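Before any comments, here is the structure.
Hydrogens, waters and symmetry mates are skipped; everything else that's a heavy atom, side chains included, is used. All values reported here derive from a predicted model rather than from experimental measurement.
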Amino acid sequence: MKVTALIEDELIQDVIDISGAKNITEALRIALKDYRSRKLMRNYANSIAAEPLEFTYGAKELRDLNQK
């Protein structure tokens with residue numbers, strides 16, 4: 001997909017320097033993938049915090065199950 005975007009030169013250069021990218025396209029790809037990953041992790045964390053995991057087995061029950 002081709003995109004025209006007005007982004008400050010300094011911001012683009014910072015992203016290139018920080019990411020070690022060879023060009024603007026690679027830098028933007030790295031930045032967008034990183035943003036997506038962070039956003040997904042935050043969403044997963046929020047969903048777990050809203051509805052925490054509930055364990056129904058204790059250590060003894062788990063040991064017994066594993067030994068079967």
(request) Grab the two heavy atoms, one from V15 and one from A27, that are nearest each other, plus how far apart they are. (result) CG1-O, 3.6 Å

(message) Rounded to the nearest 0.5 Å, what separates atom CG in N43 from atom CZ in R38?
(response) 14.0 Å

(request) Give a yes or no answer on whether the side chain of E61 reaches the backbone of G58 with a donor-acceptor pair at less than 3.5 Å. (result) yes

(request) First locate atom CG of N23, then atom CD1 of I12, and finally report the distance between them rounded to the nearest 0.5 Å. (result) 11.0 Å

(request) Treat each ILVMFWY residue as a node, draw an edge where side-chain heavy atoms are under 4.5 Å apart, and state whether L11 and I24 are in one component. (result) yes

(message) Just verifying a value: how many Å separate R29 CZ and D34 CG, rounded to the nearest 0.5 Å?
(response) 14.5 Å

(message) Assigning hydrophobic clusters by single linkage (Ile, Leu, Val, Met, Phe, Trp, Tyr; side-chain heavy-atom cutoff under 4.5 Å), is I16 placed with I7?
(response) yes

(message) I need the Y57 OH to N66 CG distance, nearest 0.5 Å.
(response) 11.0 Å

(request) Evaluate whether atom CG of L62 has more than 12 neighbouring non-hydrogen atoms of other residues, nucleotides or ligands under 6.0 angstrom away. (result) yes

(message) Using modelled atom types and a 3.5 Å cut-off, is there a donor and acceptor pairing between side-chain atoms of E26 and backbone atoms of K22?
(response) yes

(request) Take K39 and R36 through the test side chain to side chain contact (heavy atoms under 4.5 Å, CB included) and record every step on the way to the result. (result) CA-CA 5 Å; K39 194 68 170 175; R36 178 183 60 191; 5.8 Å; no

(request) Compute whether any side-chain donor of one residue and acceptor of the other, for D9 and Q13, lie under 3.5 angstrom apart. (result) no

(message) Once rounded to the nearest 0.5 Å, what's the spacing between atom CD of E8 and atom CG of D14?
(response) 10.5 Å

